[in-house]
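One structure below.
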Protein chains: 2
Amino acid sequence: MPTIKDVAKRAGVSVTTVSRVLNNRGYIGETTRKKVYKAMEELDYQPNEVARSLFRKKSNIIGLIVPTVAHPFFGEMTSYIETYAYSRGYKVLICNSQLDSSKEQEYIWMLRRNQVDGIIMASHTLDVEEYKKLELPVVAFDRFISKKIPYVTSDNYRGGKLAVELLLERGCTKIAHMCGSLHLDMLANQRHRAFMDVAEERKVPYFTVETDINVFEVKKYEELLLDLFIEHPEVDGLFLNSDIMAVAAMKVCSKLGKRVPEDVKIIGYDDVSIASLVSPEITTIRQPLEQMSRLSVRLIEGLVNKKPVSVENCLPVELVRRGTA
Amino acid sequence: MPTIKDVAKRAGVSVTTVSRVLNNRGYIGETTRKKVYKAMEELDYQPNEVARSLFRKKSNIIGLIVPTVAHPFFGEMTSYIETYAYSRGYKVLICNSQLDSSKEQEYIWMLRRNQVDGIIMASHTLDVEEYKKLELPVVAFDRFISKKIPYVTSDNYRGGKLAVELLLERGCTKIAHMCGSLHLDMLANQRHRAFMDVAEERKVPYFTVETDINVFEVKKYEELLLDLFIEHPEVDGLFLNSDIMAVAAMKVCSKLGKRVPEDVKIIGYDDVSIASLVSPEITTIRQPLEQMSRLSVRLIEGLVNKKPVSVENCLPVELVRRGTA
DNA sequence: CAATTTATGTCAACCGGTTAACATACCCGG
DNA sequence: CCGGGTATGTTAACCGGTTGACATAAATTG
């Protein structure tokens, strides 16, 4: 790998001059500039960003911790985040925590050792205190940690409300909500809050199916839903916390000979691309994932540049009526 | 952020001693070691990996270029790669090229500037020459570039063969294959080769549906398949190059009132998790994605450590019989 | 023509570690 | 008591850039 010295030698100028060309500072003559560019080209030179990062104390790298990028929601989110971050001059180090808190802690340490400029946390299994200790810019995705740590979310309560209301509007009389662990302190739990509030207010019997703490195992979804229908065959409305769960629900219904939406109405969440790909298409609550992703990056940028940023960033959700409810 | 100097001062030892503790080299007394660890803990010190990378000329970062991590196949792959890489001491910088060659080129430059130890390329839209120029360790995913560049793939020809043979075994009389651009020089194109070979040998009429060069747009899949059925309503067997396409195919069939598998048999490819989640479950050709991912990382490691590695790495595929064929 | 402005160079320090070379000193065993 | 292993320190160079201070000289400008 050629270094700046090689470039200087080849162009017949000093290292300082090359650096000045590279960073566009100070006076540089046109001919010199051309000479330097030519030398760079001939040597196929590219500045060593590691050296630059060291000096500048800025790596232009964002750490992104997700449960797993294999889950379509986080896959899409990661794609949006990386694409936008790149357009802003940032690179993304990806971390799959599997919702395992010791892994999450290790990743945080690793990111710190690697001098990332900030961390977007879409997995939070640690105690609040651990996050507060971080002197790094941190943006939480879908979780409130403290008044100091900005977070991005969408209107989960409203999402939950819209979902149940749709089920009731469609005439459901016994409904269930399947969600992730309610022990993890995530704002997504507000969907369940809304679900219960509305169900109770309308005096509709309801059930809750909580998945394991550390699981995106789709097989598990099926089992749990099967159990639900075995215990409560009269359930005729299902609110699922993700579209993936909704797909699983459709399968379980089909297995049990229940027609969707005739016998059972199903409403998912997120509006990932698979939701509109299956048949019937899944009625769902759409989170503005692209906007949320971009906003996360902008918040990190704001923190990095010591600009004031708003702590609470809640974007609206939208009911997408399709075939399953 | 505390530096090694702060630790030295606090522990009352020299910087060299701290470094020796950190790197476990030379003689260190037990009491000194303890003092140093204690100081590190008290200061919450972590060594600056940027500085270390600079000195060692090794970043322990792998660049991963995929078309988009939003596609389940690449999402799952990325998850496997990152998890395995992390267990081997590597971090992963993720790049979504969108199958856009100028973006791909930019990402390659970026990765080089950032001194990654190697690149796993699962998107290759550039001319072969561009890749050969790279002095970096590169592993290609599903593409043969040159005898110098190791690649990981699975037995695409066999996969294609298994797929068509299954369709024929199931009695299909008019079949079609939907695949990505055949202009991108990917080993996945061998599936189409096999498809045609078998169809011709068995004298079964067949059609090819080629998607656009730069697309994972699922809407497009539907349109193309709809067009296919409008032009050739007698098609009764569909081989799709991904499970996502297969899901789209099921939807199109359902729209047209064709039952799967009774009227149309469908076989997908990859066996991503969604394949066994929809109903009916998708019959598919399984690529050993986890093994392929791990192998890619090991190849990078081998190249980094100047160990001899085999150029051709083709893993077996497997027919997974499920509900759609 | 003097004063600026422009253009470039030299030199050294710095970012935060790592490492080789060399010095010193203690402890232990033969 | 000498020699070698153990333990630690000092110093300086290095990784590949960046930057400020300062010097020099040519080109512009008023």
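Computed from heavy atoms alone, side chains included, the values below leave out hydrogens, waters and symmetry copies. Per chain, numbering begins at 1; letters A, B, ... match sequence-line order.
The main-chain N or O of A:V69 is found under 3.5 Å from a side-chain atom of A:N96 such that the two form a donor-acceptor pair. Listed for the A:N189 side chain is a donor-acceptor partner under 3.5 Å among the backbone atoms of A:L184. Listed for the B:S79 side chain is no donor-acceptor partner under 3.5 Å among the backbone atoms of B:G75.
Contact annotation for B:T3: backbone-only contact, meaning every heavy-atom pair under 4.0 Å involves sugar-phosphate atoms and none involves a base. Looking at heavy-atom distances under 4.0 Å, B:R20 makes contact with a base. Among the protein residues, B:S14 comes within range of the nucleic acid bases, having at least one heavy atom under 4.0 Å from a base atom. Across all strands shown, A:V13 has heavy atoms under 4.0 Å from sugar-phosphate atoms exclusively, and none from any base.
One donor-acceptor pair, N or O on each side, does fall under 3.5 Å between the base of C:dC11 and the side chain of A:T16.
Side-chain proximity of B:S19 to C:dG16, D:dG9, C:dT19: nearest is C:dT19. Side-chain proximity of B:V15 to the nucleotides C:dT18, C:dA7, D:dG20 is greatest for C:dT18. Of all nucleotides listed (C:dG17, C:dC11, D:dT18), C:dG17 comes nearest to the side chain of B:F55. The side chain of A:A51 approaches D:dG17 more closely than any other nucleotide in the set C:dC15, D:dG17, D:dT10. Distance from the side chain of B:R56 is smallest for C:dT18 among the nucleotides C:dT10, C:dT18, D:dT6. Comparing D:dT18, C:dT19, C:dG16 by their nearest atom to the side chain of B:N48 picks out C:dG16. When the nucleotides D:dC15, D:dG17, C:dA20 are ranked by their closest atom to the side chain of B:K57, D:dC15 comes out on top.
Between A:Y27 and D:dT24, a side-chain N or O to OP1/OP2 separation shorter than 4.0 Å is absent. Remark: A:R52 is in phosphate contact with D:dT18, judged by side-chain N or O atoms under 4.0 Å from OP1 or OP2. Look at B:Y45 and you'll find a side-chain N or O under 4.0 angstrom from OP1 or OP2 of C:dG17. For the pair B:N23 and C:dT18, the criterion of a side-chain N or O lying under 4.0 Å from OP1 or OP2 is met.
Taking atom CZ on B:R112 and atom P on D:dG16, their separation rounds to 13 Å, with Å as the unit. With rounding to whole Å, B:N60 atom CG is found 19 Å from D:dC15 atom P. What separates CG of B:L22 from P of C:dT19 is a distance of 10 Å, to the nearest Å. Per the geometry, CG belonging to A:L43 stands 14 Å off P belonging to D:dG16, to the nearest Å. For the pair A:K58 NZ and C:dG16 C1', the computed distance is 19 Å after rounding to whole Å. Rounded to an integer number of Å, the gap from B:E49 CD to D:dC15 P is 20 Å. One atom, CG of A:N114, and another, P of C:dG16, lie 15 Å apart when rounded to the nearest Å. In this structure, A:R25 places its CZ atom 16 Å from P of C:dA7, rounding to the nearest Å.
Judged purely by distance below 3.5 Å, without hydrogens or angles, the side chains of B:S19 and B:T16 never pair a donor atom with an acceptor atom. Checking B:S59 against B:Q115 by side-chain atom types alone, no donor-acceptor pair falls below 3.5 Å.
Rounding to the nearest 0.5 Å places CD1 of B:I94 at 16.0 Å from NZ of B:K91.
With the nearest nucleotide of DNA chain C identified for both A:G26 and B:P47, A:G26 has the one nearer the 5' end.
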